[in-house]
2 protein chains.
Amino acid sequence: MTEENASSYTVGKYRTPDGAPADIVIFTITAEHTNRTTKSLPKRELKVLLIKRKLWPFEGMWALPGGFSNDKESMYETGRRELEEETGVRDVHMEYFNVYSKPGRDPRGWIISHAFFALVHEDFLAQRKAADDAADVGLFAVNELGRPGLELAFDHQQIIQDAVEQIRSKMLLTSIAKEFLPDEFTLSELYQVIQTVVPDFEEANFIRKMKSTQSRSGVLEPVLDTKGEPKKSNEFSQRAAQLYRFTGSMPRLSLYS
Amino acid sequence: MTEENASSYTVGKYRTPDGAPADIVIFTITAEHTNRTTKSLPKRELKVLLIKRKLWPFEGMWALPGGFSNDKESMYETGRRELEEETGVRDVHMEYFNVYSKPGRDPRGWIISHAFFALVHEDFLAQRKAADDAADVGLFAVNELGRPGLELAFDHQQIIQDAVEQIRSKMLLTSIAKEFLPDEFTLSELYQVIQTVVPDFEEANFIRKMKSTQSRSGVLEPVLDTKGEPKKSNEFSQRAAQLYRFTGSMPRLSLYS
DNA sequence: CCAATAGTGTCTATTAGACATTATATG
DNA sequence: CATATAATGTCTAATAGACACTATTGG
């Protein structure tokens, strides 16, 4: 508290919070190459990075990575710092999405938790997992969380569920799909990533729509090679597929237009 | 802090926040009936409710209504409580949208502010303004904020700007327009409310689109009277206009469908 | 009959949606 | 030549977008 004018200021007789942490739901999409006989798309799964707690409370249980903020940084900076400490990655997509403050949520006292989600390439996390004590870091499929035998510390189950809802919504409304993709990708990869996050997403004429639709266009553009010819990839198929990239422009979606 | 196991617990030697308030951006749309010779639509304007501070810091300046959370309530409950204390209204739309924690943002110390926006009918606020010391409560057009002579306390200018962005986005993606409308409304009223919040929204064939579009339909439905006939209103026009209501169902918007 | 809102007519180009069909290249 | 992905063909109904036009009724 600064000194100036503090004479007439009457706070200080009230209880203040015991801490304000940032907790981070780190999402990644794992890709498992199953079919070895023919080229094929990998099997993808949406996963969350958790850390096994070493200290009271909830000692030995899995929890979100995170840590307390201090008075020299904003909550966003706390999130960034913790994200880097836990995964070693910077410059990835991280977004604040909610605050968790229900009385009793943390046995240590009055702890107001600020939740972020981050979207990270699988490759980045692989390093981390290998580097440290691997037993204390785990990647869990979103669907298997909360099952018997895998209860999480604090209200982290709820936080993760809320985060999943957030990225499901944003996956369809924004271009965050690119956080899970290389710069240049095929439409099947994109489709697969969308479906991995939003399981009931289904679009029969996906390829055609993404190519044609002038209104929706501007979101994606086909990649050309140095000679100006369409650039293709046959990484996932015998027949080469056109590569696309996100343009950065975003149409304004609306109920009323 | 609970006592159990606290022996091995090492927090307490760090500085803790000096307070965690909820601040609320209360939006309303005012309607001014200008034309007295003929029936016409009112002139609408998006406004924010502010309160003149009586105490240090920023004494005498306009600020968002809000107040400190306590350890017996969640931040959302703090928001609800403050909203009711300031305006007397309950059961209105209120949503959390961001946290403000930049060091130095509050001269009283380390104060982490949690920002909500609320959408309230003009009528509700009119009561409040009449009841209390009217000089301390003001409704300000969003556009006139930040002008010379109307600087706001703390970082509240920024908070309001962020809130405006939020409701602009949500106005087009969700049915929050209904928070500013009566249960039954004409399409012109709806169109006007959208434009009041999102000034560059323009849709030439708005009426036709809202009627036809089967895909988008399900959002609105025409109101029928007790005889099953289309219910119309000529409140704003000579020729009676069909009344509509929101159905509650929401199509899933998507970049990719 | 004017003003102000509430619609409808009409036209073309584009899109949606469902399904069938063809294309490519590698093991 | 089977397989897995990558498209295109085809058809109908619906929609978008622009602009002109008609409808209603109190004052």
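Letters A, B, ... mirror the listed sequences (proteins, then strands); counts begin at 1.
The nucleotide whose nearest atom lies closest to any side-chain atom of A/Ser40 is, among D/dA4, C/dG7, D/dG17, D/dA4.
Between A/Tyr256 atom OH and D/dT15 atom P there is a gap of 18 Å when expressed in whole angstrom units. Spacing between atom CD of A/Gln192 and atom C1' of D/dT5 amounts to 11 Å, rounded to whole angstrom units. Rounded to whole angstrom, the span from the CZ atom of B/Phe206 across to the P atom of D/dC19 amounts to 20 Å. The interatomic distance linking B/Leu187 (CG) with C/dA4 (P) rounds to 21 Å, in whole Å. Regarding A/Lys232, its NZ atom lies at a distance of 9 Å from the P atom of C/dT24, rounded to whole Å. One interatomic measurement links the two molecules: CE of A/Met210 to P of D/dT5, which rounds to 20 Å at whole-angstrom precision. Nucleotide D/dA7 holds its C1' atom 7 Å from the NZ atom of A/Lys211, rounded to whole Å. Nucleotide C/dG17 holds its C1' atom 13 Å from the CD atom of A/Glu202, rounded to whole Å.
There is no side-chain donor-acceptor pair under 3.5 Å between A/Gln238 and A/Asn234.
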Report each atom pair, protein N/O against N/O of nucleotides 23-27 of chain D, whose distance is under 3.5 angstrom.
from   : atom 1 : to       : atom 2 : distance (Å)
D/dA23 : O4'    : B/Arg239 : NH1    : 3.4
D/dA23 : N3     : B/Arg239 : NH1    : 3.0
D/dT24 : O2     : B/Arg239 : N      : 3.3
D/dG26 : O4'    : B/Gln238 : OE1    : 3.0

Pairs under 3.5 Å (N/O, protein and nucleotides 10-13 of chain C):
from   : atom 1 : to       : atom 2 : distance (Å)
C/dT10 : O4     : B/Arg208 : NH1    : 3.0

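Ring planes of B/Phe206 and A/Tyr256: tilted class, angle from 30 to 60°. Ring geometry, B/His33 versus B/Phe236: the interplanar angle falls under 30°, so the pair is classed parallel (tilted spans 30 to 60°).
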Which atom pairs, donor and acceptor, lie under 3.5 Å between side-chain atoms of residues 224-233 of chain B and protein residues at least two apart or in another chain?
from     : atom 1 : to       : atom 2 : distance (Å)
B/Asp225 : OD1    : B/Lys227 : N      : 2.9
B/Asp225 : OD1    : B/Gly228 : N      : 3.1
B/Asp225 : OD1    : B/Glu229 : N      : 2.8
B/Lys231 : NZ     : B/Glu184 : OE1    : 2.9
B/Ser233 : OG     : B/Glu235 : N      : 3.1

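Remark: aromatic rings of B/Phe185 and B/Tyr191 are distant, center separation not under 6.0 Å. Ring centers of B/His114 and A/His114: under 6.0 Å apart, within the cut-off.
Looking at B/Asp91 and B/Arg80, no side-chain N of the basic residue comes within less than 4.0 Å of a carboxylate O on the acidic one, giving no salt bridge.
Note: A/Leu125 CG to A/Glu86 CD = 11.5 Å, rounded to the nearest 0.5 Å. Rounding to the nearest 0.5 Å places NZ of B/Lys209 at 6.0 Å from OG of A/Ser257.
Mapped onto DNA chain C by nearest heavy atom, A/Ala204 and B/Ile207 fall at different nucleotides, with B/Ile207 at the one closer to the 5' end. Annotation: of the two residues near DNA chain D, A/Asn205 and A/Ser237, the 5′-most nearest-nucleotide partner is A/Ser237.
Residue A/Leu41 is in sugar-phosphate contact alone, with no base atom involved, counting any heavy-atom pair closer than 4.0 Å across all strands shown. Residue A/Ala241 is classed as a sugar-phosphate contact, given heavy-atom separations below 4.0 Å to backbone atoms only.
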